[in-house]
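Everything below concerns the one structure shown next.
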Amino acid sequence: MALPGWPHEASPFHAGEQEVQRRVGVRDKVESIGRQVVRDHMPEQHREFFAQLPFIVVGAVDADGQPWATLLAGEPGFARSPDPRTLRLAARPVADDPLAAALYPGAAVGLLGIELETRRRNRMNGRLIEGDGLSIAVEQSFGNCPQYIQRRDYRRVEPDATVPPPESATALDPAAIAQIGAADTFFIATHFAEAGETSGRDGADVSHRGGKPGFVRVDGDTLVWPDFIGNFHFNTLGNLLANPRAGLLFPDFASGDLLFVAGRGEIVWDGDELQAFAGAERLVRFRVERMLRLRGRLPLRWALQETSPILAGTGDWQSVDQAVALAGLADRYRPLRVLRREQESETITSFYLQPADGLGVVPHLPGQFLPIRVDVPGLGALTRTYSLSQAADGETYRISVKRDGRVSNHLHDALQPGDRLDAQAPRGRFVLDAASTRPVVLLSGGVGITPILAMLDTLAPAHGVRFRPRPVWFIHAARNGREHAFGRLLRDRLAVHDKLHVHVRYSQPIDSDRPGHDYDSAGRVDADLLRCLLPLDDYDVYLCGPDGFMRQAYWALRGLGVARDRIHYEFFGQGEPLEAVPLPATPQLATPQPVRFVRSGITAEWQPGTTLLELAEASGLSPAYSCRSGLCGSCSTRIGEGAVCYPAPPAHAPASGEALICCAVPAGPVTLEL
C-alpha cells in the first residue's frame, strides 16, 4: 500500500498556488504541510466517505476552455473506489448540463465530496480514464475542514417526467440576481494549465464557498464575495491568478434547480471594502459572461438545519457599505453614547459606547485605540486615546480605563449610561497580524491588557469557534487581585479553547488571592518564567504594559532568541523605544511651504520650527496623537503628494506612504489625507 504523504519531488502546488502562498507569507510552511496531507492516492477513509454520498460536485472545462461546476447525484454507493488510485461514478451530467459533452477520457476533473448533514468534505483531483461510468485516475487527494459549510438534511424526490427547457443568457436575469443575492452556498470550478510546457500538464479544481445569506454581492453582472481564511493551499485563488476563467454553481436546495454562471474572476488584495469586511482575507470580483438555468434537474432536496457557527465572526455587505461611507468621517469627532459601564477591578472600569448619530461604528483592528474628547469641568475639552479592549462587533466600542489622571478620573467619577463623549475613528499600528500562522504570545502588564484582549477575541473568540486555531500563550502580570482586571474572562475563555494557555503572575499577592485560582505564580515576569512557559518556537509576540514591565519582558524575550521584528509593542504615552532602530535625521527647510489637507479642503502655510501636527491643529483640525515624539504611531497620516522629512528622527519608521506628523515637516509642498 502507498505510504501517506506526497511522494513526488515536484511540489504538490503549481506556480499559481505558490505565488499566492508567497504573497500571504505562508509558502514554506504550507509546502511542508502539503507534502504531509496531499496524497497521490485515496486513503481508506476517503474511499469509504465517497461511497456513502448521494451527490458529488464535479469541476471540468468544456471544449472552449470554460470551467464549469456541476452536481452528479445517485443512490449512496454510486461512487466507489475499487483501489486507492481509482474512483468510479455511476452517473453522468443531466441533459443540457454544460459538462455533458466534456467528461471524456483524458479530461482533467476536480471532485468535491461534501456531506452537508455532517459538514464533512474531501477533495480529489484527477483525470478521466476508460472504464465503467466515469472512471477517474487519482492525482491528488486531500481532506478539507468543515468551516463555512451550512448543515442541511436531504431527501430524495422523484424527478418530473418532463422538465422545462434550459434558460440561457449572456447576463443575469432578475431571478438569478435574487437567487445569488440570497445564497449562502455556491461551488466554483477553476482550471490551471502550465504555460510553455508541451506535456499538457493541467488540472481542474472545484471548491465550496459559504457565508451568511447575501455574502455574494450582485452589482449588475459583477459579483463580489469575501475570501475567508482557509487551509492556505489556495487552489482556487492560485488557479484564478493563472487563469481568470471560472464557473460558479448556485444550487437551489429547495427546488432542485441548478444555476450555472460563467465568467472571469480577479483577486482583490486591498481597499476599503476589504478592510471593512470582518473575517475577509481578500475579496474576489467576478465578471459574468454567461448564465444557464436548469430547473428541477436534481432528485434531491435539502432543508437548512444550522448555519456554520464560524460565520458569527464574519461581516456582511450592509456593514461594509456603512463602514466605507463613514471613512470620510474618520478624523471628525462624532458623539458616542455610553450604553453601560462595568467595574473590572478596583482601578479599571469598562465603558461600552455606541454612536449617537445613527451612523454606525467604524470597524477596528484588534489592538487599535479610540481617540476621545471629553469636557472636564474646570479644564474644558481634553483629548485622550484609549485602547479598544474587545474585537469589533459591528455595534459598540469598549474602552477599559485605569483611574490615573484628570480625564480618567472624570470618566470613573462622572460618566454614566446615557452620557455622551466625542470620538474619532479607531486607529493605531499596534495590531494583530491575523494572516500569520505562527504561534502567538500575548504578554501584558496591568492596564496593558486592554489591546491584548481585543487580540485574544480574534485568536480565541468567546463563541469558541476558530478555524485553524493558532497556539496562544496569554501571560499577564498584575500587582494583586484588587488590580487584576478580566480574570473571569480569561478563565472562561480558557475553558473553550484547547490551544489557549493562560498564566497570571501577581507581583504582590494579598491574603485573599488564591494560588491556582486567581493567579498561577508570584513574582515578576522574567526570563525564567518565559523559559519555563514557552516551548521553543517561532512566535509572534505582542507586548503592552508599564514601561519597566515592558523593558524587562522585552529583553527577556530577546535573550531567549526571539527576533526583534517578531516582538510588537505599544507604550501608553511617551517612552523611549525598547530597542531603537531610528531613521536618519534629515535637514529641515528654512522657508515656508504650502500644505494641503485633502479631506478638509484646507490649504495652510507651514512655518519652519513647527511640525505638521501643530500646523493641522492651528488650522482647526483635530488629528489623533498620543506621544508627540514619533514613538506610538498614533498620528500616522497618509501622504497624497510630496514628501516629508524628520529633523528629530522618530524611533520607528512610518508605514510606506505615511507620515508621523507629530515630528514630521514638509520636504517641499505636500498634501496630507486629513
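Predicted model only: the values in this text are computed from it and were never measured.
Side-chain contact between F253 and L116 is present, with at least one heavy-atom pair separated by less than 4.5 Å. Contact of the Y104 side chain with the L128 side chain is not registered, since no non-hydrogen atoms from C-beta on lie closer than 4.5 Å. Considering only heavy atoms from C-beta on, R119 comes within 4.5 Å of E306 through its side chain. Side-chain contact check for L442 versus L456: some heavy-atom pair is nearer than 4.5 Å. Counting only heavy atoms from C-beta outward, the side chains of V541 and V562 approach each other to under 4.5 Å. R282 has its side chain out of reach of V268: every pair of non-hydrogen atoms, C-beta onward, lies at least 4.5 Å apart. Within the 4.5 Å cutoff, the side chain of M124 has heavy atoms near those of the L87 side chain. Inter-residue side-chain proximity for R88 and P82 is flagged as met; some heavy-atom pair is nearer than 4.5 Å.
Distance CZ/R287 to CG/L223: 10.0 Å, rounded to 0.5 Å. If you take CZ on R429 and CG on L365, they are separated by 13.0 Å, rounding to the nearest 0.5 Å. Taking CG from N239 and OG1 from T190, the interatomic distance works out to 3.5 Å, rounded to the nearest 0.5 Å. Interatomic distance, L294 CG to L298 CG, rounded to the nearest 0.5 Å: 9.0 Å. Expressed to the nearest 0.5 Å, how far CZ of R155 lies from CG of L300 amounts to 10.0 Å. Here the CG atom belonging to N122 is positioned 6.5 Å from the OG atom belonging to S141, to the nearest 0.5 angstrom.
Here E31 does not pair with R22 in a salt bridge; the nearest charged N to carboxylate O distance is not below 4.0 Å. We find that R470 and D540 are joined by a salt bridge, their nearest charged nitrogen and carboxylate oxygen being less than 4.0 Å apart. Electrostatic pairing of E19 and R27 does not count as a salt bridge here, judged by no charged N lying under 4.0 Å from a carboxylate O. The pair E273-R217 meets the salt-bridge criterion, since a charged nitrogen lies less than 4.0 angstrom from a carboxylate oxygen. Remark: R121 does not engage E115 in a salt bridge, criterion side-chain N to carboxylate O under 4.0 Å. Between D96 and R297 there is a salt bridge, since at least one side-chain N of the basic residue sits less than 4.0 Å from a carboxylate O of the acidic one. Classification of D83 and R47 as a salt-bridged pair fails, no side-chain N sitting under 4.0 Å from a carboxylate O.
In terms of the salt bridge (Lys or Arg N to Asp or Glu O under 4.0 Å) criterion, R290 has no residue partners (sequence neighbours excluded). Qualifying side-chain hydrogen bond (donor to acceptor under 3.5 Å, both in side chains) partners for S319, counting only residues two or more places apart in sequence or in other chains: D316. Qualifying side-chain hydrogen bond (donor to acceptor under 3.5 Å, both in side chains) partners for H208, counting only residues two or more places apart in sequence or in other chains: none.
Smallest separation of non-hydrogen atoms from P363 and A276: CG-O, 4.0 Å. Nearest heavy atoms, L326 versus G360: CD1-O, 3.3 Å. In terms of heavy atoms, D538 sits closest to R566 at OD1-NE, 2.9 Å. In terms of heavy-atom proximity, F192 sits nearest to G16 at CE1-N, 4.4 Å. Minimum heavy-atom separation, L112 to V206: N-CG1, 3.7 Å. Of all the heavy atoms in A107 and A102, the pair that sits closest is CB-O, 3.7 Å.
Using a distance-only test at 3.5 Å, with no hydrogens or angles considered, a donor-acceptor pair links the side chain of H497 to the main chain of P461. Proximity of a side-chain donor or acceptor of Q150 to a complementary backbone N or O of S308 within less than 3.5 Å is detected. Checking side-chain atoms of Q52 against main-chain N and O of P76 turns up no donor-acceptor pair under 3.5 Å. Using a distance-only test at 3.5 Å, with no hydrogens or angles considered, a donor-acceptor pair links the side chain of R156 to the main chain of G74.
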For a side-chain contact (heavy atoms from CB on, under 4.5 Å) check, start with the C-alpha distance between V109 and L103, then their side-chain angles and the critical distance, and finish with the verdict.
CA-CA 8 Å; V109 294; L103 302 182; 4.0 Å; yes
Can you check salt bridge (Lys or Arg N to Asp or Glu O under 4.0 Å) on R295 and D252, steps first, answer last?
CA-CA 9 Å; R295 295 192 179 274; D252 188 319; over 6 Å; no
May I have the step-by-step check of side-chain hydrogen bond (donor to acceptor under 3.5 Å, both in side chains) for S207 and R123, ending in yes or no?
CA-CA 8 Å; S207 297; R123 303 269 287 279; 3.1 Å; yes
For D205 and H191: C-alpha separation, side-chain torsions, deciding distance, then whether side-chain hydrogen bond (donor to acceptor under 3.5 Å, both in side chains) applies.
CA-CA 6 Å; D205 180 79; H191 180 257; over 6 Å; no
Evaluate the criterion side-chain contact (heavy atoms from CB on, under 4.5 Å) for residue pair L311 and F215; output intermediate values, then yes/no.
CA-CA 11 Å; L311 292 174; F215 80 110; over 6 Å; no
Between W317 and F277, is the side-chain contact (heavy atoms from CB on, under 4.5 Å) condition met? List the steps.
CA-CA 7 Å; W317 287 109; F277 203 118; 3.6 Å; yes
Should F286 and R264 be marked as a side-chain contact (heavy atoms from CB on, under 4.5 Å) after you check the CA-CA gap, both sets of side-chain angles, and the distance that decides it?
CA-CA 6 Å; F286 186 85; R264 297 173 185 268; 5.9 Å; no
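Ring orientation note: the planes of W473 and Y539 are nearly perpendicular, at an angle over 60° on the 30°/60° scale.
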Donor-acceptor pairs are to be reported for all side-chain atoms of residues 170-189 against protein atoms at under 3.5 Å, with residues two or more places apart or in another chain.
residue, atom, partner, partner atom, Å
D173, OD1, A175, N, 3.3
D173, OD1, A176, N, 2.7
D173, OD1, R293, NH2, 2.9
D173, OD2, R293, NH1, 3.0
D173, OD2, R293, NH2, 3.3
Q179, NE2, F250, O, 3.0
D184, OD1, R152, NH1, 3.2
D184, OD1, R152, NH2, 3.2
D184, OD2, R152, NH2, 3.0

Output a table of donor-acceptor pairs, distance under 3.5 Å, between side-chain atoms of residues 62-73 and any protein atom two or more places apart or on a different chain; print 'none' if there are none.
residue, atom, partner, partner atom, Å
D62, OD1, D64, N, 2.9
D62, OD1, G65, N, 3.1
D62, OD1, Q66, N, 2.9
D62, OD2, W68, NE1, 2.9
Q66, OE1, R245, NE, 3.4
Q66, OE1, R245, NH2, 3.3
Q66, NE2, A246, O, 2.8
T70, OG1, D97, OD2, 2.4

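Among V261, V288, L259, the one residue that satisfies the side chain to side chain contact (heavy atoms under 4.5 Å, CB included) test with L248 is V261.
Between F13 and H233, the ring centre distance stays below 6.0 Å.
Each salt bridge (Lys or Arg N to Asp or Glu O under 4.0 Å) pair with one or both residues in residues 129-147, not counting sequence neighbours, appears once here: R127-E139.
Remark: R39 fails to qualify as a cation-pi partner of W6 under the 6.0 Å distance and 45° angle criteria applied to the six-membered ring.
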